[in-house]
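Everything on this sheet refers to the single structure shown next.
Residue numbers run from 1 in the order of the sequence given. What's counted below: heavy atoms across the whole structure, side chains too, no hydrogens, waters or symmetry copies.
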Amino acid sequence: MSTDTVKSTSNSLQEWQDLIEQELRDKPLEELTRLSPEGISIKPLYTAEDIQGIEHLDSLPGVAPFKRGPRASMYTNRVWTIRQYAGFSTAEDSNIFYKANLAAGQKGLSVAFDLATHRGYDSDHERVSGDVGKAGVAIDSVEDMKILFDSIPLDKVSVSMTMNGAVLPVLGAFIVAAEEQGVERSTLSGTIQNDILKEFMVRNTYIYPPQPSMRIVNDIISYASAEMPRFNPISISGYHLQEAGANAVQELAFTLADGLEYVRAALKSGQDIDKFAPRLSFFFCIGMDFFTEIAKLRAARVLWCKLMQQFDPKKPASLMLRTHSQTSGVSLTAKDPYNNVMRTTMEALAAVLGGTQSLHTNALDEALALPTERSARIARNTQLILAEESGITHTIDPLAGSYFVEKLTQELVDKASALIDEIEDLGGMVAAISDGMPMRVIEEEALRRQSRFETMDSVVVGVNKYVDENEENDIELLNIDNDAVRQAQVDRLEKVRANRDNAAYEKSISGLVSAAKNNGNLLEAAVTAMRARATVGEVSDALEGVFTRYKASHTPIKNVYKMAQGEVEAFSELSNEISAFEEFEGRRPSMLVVKMGQDGHDRGAKVIASSFGDLGFSIHSGDLFQTAEEAAAEAVQRDVHVVGVSSLAGGHKTLVPEMIAHLRKTGNEHIMIVCGGIIPVEDHEFLFNAGVQAIYGPNTNILEAAREILVSIPGRNRNEAELEKR
């Protein structure tokens, strides 16, 4: 072809603009450009001009800054690790599930612990009556851990454990269980999450205050570097940040800033960066914004490489970001749940095209309950189909050079860098958390996300658009007998305590306390204690006696939800109704928002508190981790009209009836009870019979829920005629 027949880029662009204007007719071209939640303008067309001046366009996989992947061969040599996150109430049930999955093609294990274990309580503790065996497996001692991994060769199978608060006794129990299986700790491979900073931001399964918690992180990194060279002592997690509401820029910046804090702490204690840095790993959430999630993983590797260069490591591996990914839980819907299979598939594909090292795919029923064995199999097979049937493993980073993907990657790098600089100006991530900055930013973004859903700026198929009014929910759900699981754990605990060498146990606990007071290595002391058959709760209690137990508080954010709603008529109408209520009743409708039990996932509770507050409700946020009796007492003390219970971990059937019973006992049955969160439809009748008056699942429209609650407040119906007159 003659060169004079080829038009210049500028002429071609002009031709395209002429064509697009003809197609759009009366619409301006700007309408095709959208602003992403990250503040990035997403254009309808990208050309070579958009990638002029972008760094690392010619980079190669396995070479710094690792934009195209941390390994030179990536999936052409070996696919990502298929690692399903699971824990089924008891160690026995989980063990059966793990062995079946390994036989079916899974390459590594990922352990989900119950919330009692996360928070350092034994299963017989009075504060965890509704939590044992819910949302994961209950582990109280080495004996439970040995059952969990029975007949699973720990020198051959990689094990990932999501554990932060009670990380010392849990990791200690794992090391001892392997030891008693005949496996040397030096041969263990896998990852412990051990990322306490994000717990103070969003997930809240902390136990001790930030400073001693950081010391625990550092002691584990030090111990693993010396004793467990194949084991990753920390997985720095952005997953829970996105689930709590963070956009991609916030997830990147806060996660990498957490990593910087851990690196500095390790260096301050005298560790060699080239010994511990190659063992650091990361964990990102993969949501539904397909290309943003691909670009996010590419940007993360570039950013981490740049951040680590300031410490002058000698090994290339010290600059390399390796990551596990998990598809989003928040994107799953309770309505039309079979659509979740498609959502998870899209997210898994984005994770792979972004270059993840391992992956967990969520099950279709997780917005309704814990996954069944069948739904978990579908989730695992999603990965196997991508790996074995799609052909995407044949080429490394196939989207490299895409005008759009390269530009988007760079924009994420730039915006996340700017936010990291803000954190550094505050004094680093610990200082930023003390200031409350990350929590405020994430909660504000969560409120904006909720508003986008309600105004349909963000479409969720089957929920706020294309809704099937005749939908029949025929999903088989997993039902866990919490009482039976707890009793079995209590029985085993009694045997452990009765059969152990009490002198060795007492000596090990004294050694643990001494290490805490005198800067001994806490993981080493915890291993000794677990070997002597101390329990998770006993080790946690001993450390709490030295470090104390941390308690956070929440103040609802004002005006963000209101501003995001803009001129929505329904918002103004409801605000006026609430004003009328106040005029007639002499006070605003008041609500106490509570989280009972040990579930710290408080995104939903925070969104409700802040949005209802903007509407005009008088809002009180209860402390996290309340018992049913404590929640009832606070409702009475604050004289509220309504208690809103947020439940995501399955404790509602135990805790909500207990709270209602305490209210009735004190003559306060007039207080209205509503529940929200992940509550299976099968549990609704049980809760209604117990006294609950309304239940709201994921993706609830807040304006509609607030109006229903307002008109149902006891006494309101009697006053309806008078309110209408006014």
Original post:
Is a donor on one side and an acceptor on the other found under 3.5 Å between the side chain of Glu251 and the backbone of Cys285?
Top reply: yes

**OP:** Rounded to the nearest 0.5 Å, what's the gap from CE on Met346 to OG1 on Thr327? Could you check?
**Re:** 12.5 Å

Subject >> Phe283/Tyr239 aromatic ring centres below 6.0 Å >> reply: yes

**OP:** Inspect the surroundings of CZ in Arg78 and state if more than 12 heavy atoms from other residues, nucleotides or ligands are less than 6.0 Å away.
**Re:** no

Original post:
If you measure from NZ on Lys156 to OG on Ser158, what distance do you get to the nearest 0.5 Å?
Top reply: 14.0 Å

Original post:
Does Glu243 come within less than 4.0 Å of Arg203, counting only side-chain N to carboxylate O?
Top reply: no

Subject >> Donor-acceptor pair, side chain of Thr395 and main chain of Pro398, under 3.5 angstrom >> reply: no

Subject >> Interatomic distance, Leu319 atom CG to Met308 atom CE [nearest 0.5 angstrom] >> reply: 7.0 Å

Original post:
Does Asp312 offer a backbone N or O that forms a donor-acceptor pair with the side chain of Lys314 under 3.5 Å?
Top reply: yes

Original post:
What about the rings of Phe66 and Trp304, do their centers lie closer together than 6.0 Å?
Top reply: no

Original post:
Under 4.0 Å between a Lys/Arg side-chain N and an Asp/Glu carboxylate O for Arg531 and Glu179?
Top reply: yes

Original post:
What closest approach, in Å, do Ser325 and Leu297 show between heavy atoms, and which atom pair accounts for it?
Top reply: OG-CD1, 4.0 Å

**OP:** Check the side chains of Ser269 and Asn218 for a donor-acceptor pair under 3.5 angstrom, ignoring hydrogens and angles.
**Re:** yes

Original post:
What heavy-atom pair brings Ile196 and Tyr262 nearest, and what distance separates the two atoms?
Top reply: N-OH, 3.1 Å

Original post:
Do you see a donor-acceptor pair shorter than 3.5 Å between the side chains of Thr81 and Ser358?
Top reply: no

**OP:** Take Leu332 and Thr344, measure what side chain to side chain contact (heavy atoms under 4.5 Å, CB included) needs, and give me the verdict at the end.
**Re:** CA-CA 8 Å; Leu332 302 177; Thr344 294; 3.9 Å; yes

Original post:
To the nearest 0.5 Å, what is the distance between CD1 (Ile82) and CG (Leu384)?
Top reply: 4.0 Å

Subject >> Lys67/Asp397 salt bridge by N-O under 4.0 Å criterion >> reply: no

Original post:
How about Lys198 and Gln193: does a side-chain donor come under 3.5 Å of a side-chain acceptor?
Top reply: yes

**OP:** Considering non-hydrogen atoms only, spot the tightest contact between Ala379 and Thr361 and give its length.
**Re:** O-OG1, 2.6 Å

Original post:
Is it true that Asp50 and Lys43 have a side-chain N and a carboxylate O under 4.0 angstrom from each other?
Top reply: yes

**OP:** Hey, could you give me the OG1/CD1 distance between Thr292 and Ile42, rounded to the nearest 0.5 Å?
**Re:** 5.5 Å

**OP:** Mind listing the closest non-hydrogen atom pair of Pro229 and Arg279 along with its distance?
**Re:** O-CD, 3.0 Å

**OP:** Would you give the length of the straight line joining atom CZ of Arg185 to atom CG of Asp155, rounded to the nearest 0.5 angstrom?
**Re:** 15.0 Å

Original post:
Where is the tightest heavy-atom contact between Pro70 and Arg301, given as atom of each residue plus distance?
Top reply: CD-CD, 3.8 Å

Original post:
So, Asp414 and Ser417: side-chain donor and acceptor under 3.5 Å apart, yes or no?
Top reply: no

Original post:
Using a distance-only test with no angle check, is there a side-chain donor-acceptor pair under 3.5 angstrom linking Asn232 and Thr191?
Top reply: yes

Original post:
Can any side-chain N or O of Arg83 pair as donor or acceptor with the backbone N or O of Leu109 at less than 3.5 Å?
Top reply: yes

Original post:
Do the rings of His601 and His240 sit parallel, tilted or perpendicular, given the 30° and 60° boundaries?
Top reply: tilted

Subject >> Intermediate values then yes/no, side chain to side chain donor-acceptor pair (under 3.5 Å), Asp258 and Thr255 >> reply: CA-CA 5 Å; Asp258 280 349; Thr255 304; 5.8 Å; no

Subject >> Polar side-chain atom of Asp195 near backbone of Ser237 as donor-acceptor pair, under 3.5 Å >> reply: yes

Original post:
Under 3.5 Å, is there a donor-acceptor pair linking the side chains of His56 and Asp58?
Top reply: no

Subject >> Under 3.5 Å side-chain donor-acceptor pair for Arg119 and Ser540 >> reply: no

Subject >> Main-chain N/O of Glu524 paired with Thr528 side-chain donor or acceptor, under 3.5 Å >> reply: yes

**OP:** With side chain to side chain contact (heavy atoms under 4.5 Å, CB included) as the test, would you mind laying out the steps for Met145 and Val170 before giving the verdict?
**Re:** CA-CA 9 Å; Met145 196 69 83; Val170 168; 4.0 Å; yes

Subject >> Modelled atom types, side-chain donor and acceptor of Gln357 and Arg322, under 3.5 Å >> reply: no

Subject >> Heavy-atom neighbours of Glu424 CD exceed 12 at 6.0 Å >> reply: yes

**OP:** Keeping the roles fixed (side chain from Thr356, backbone from Thr323), state whether a donor-acceptor pair exists under 3.5 Å.
**Re:** yes

**OP:** If the plane angle is over 60° it's perpendicular, under 30° parallel, otherwise tilted; pick one for Tyr206 and Phe200.
**Re:** parallel

Original post:
Are any side-chain N or O atoms of Ser235 and backbone N or O atoms of Asn194, one a donor and one an acceptor, separated by less than 3.5 Å?
Top reply: no

Original post:
Any luck finding a side-chain donor-acceptor pair between Thr409 and Arg298 under 3.5 Å?
Top reply: yes

Original post:
Are Ser328 and Gln242 close enough that a side-chain donor and a side-chain acceptor fall under 3.5 Å?
Top reply: no

Subject >> side chain to side chain donor-acceptor pair (under 3.5 Å) evaluation trace for Asn247 with Glu38 >> reply: CA-CA 6 Å; Asn247 62 39; Glu38 295 76 23; 5.0 Å; no

Original post:
How far apart are the C-alpha atoms of Glu445 and Arg452, what are their side-chain angles, what is the distance that settles it, and do they pass the salt bridge (Lys or Arg N to Asp or Glu O under 4.0 Å) test?
Top reply: CA-CA 10 Å; Glu445 188 61 32; Arg452 288 193 296 271; 3.5 Å; yes

Original post:
Taking atom types as modelled and ignoring hydrogens, do the side chains of Asn204 and Glu199 form a donor-acceptor contact shorter than 3.5 angstrom?
Top reply: no

Original post:
Between Glu227 and Ser186, does any side-chain donor sit less than 3.5 Å from a side-chain acceptor?
Top reply: no

Original post:
Minimum heavy-atom separation for Leu543 to Tyr208, with atom names?
Top reply: CB-OH, 3.4 Å

Original post:
Would Asp274 and Ser318 count as having a side-chain donor-acceptor pair, cut-off 3.5 Å?
Top reply: yes

Original post:
More than 12 heavy atoms of other residues, nucleotides or ligands under 6.0 Å from OH of Tyr46: is that the case?
Top reply: yes

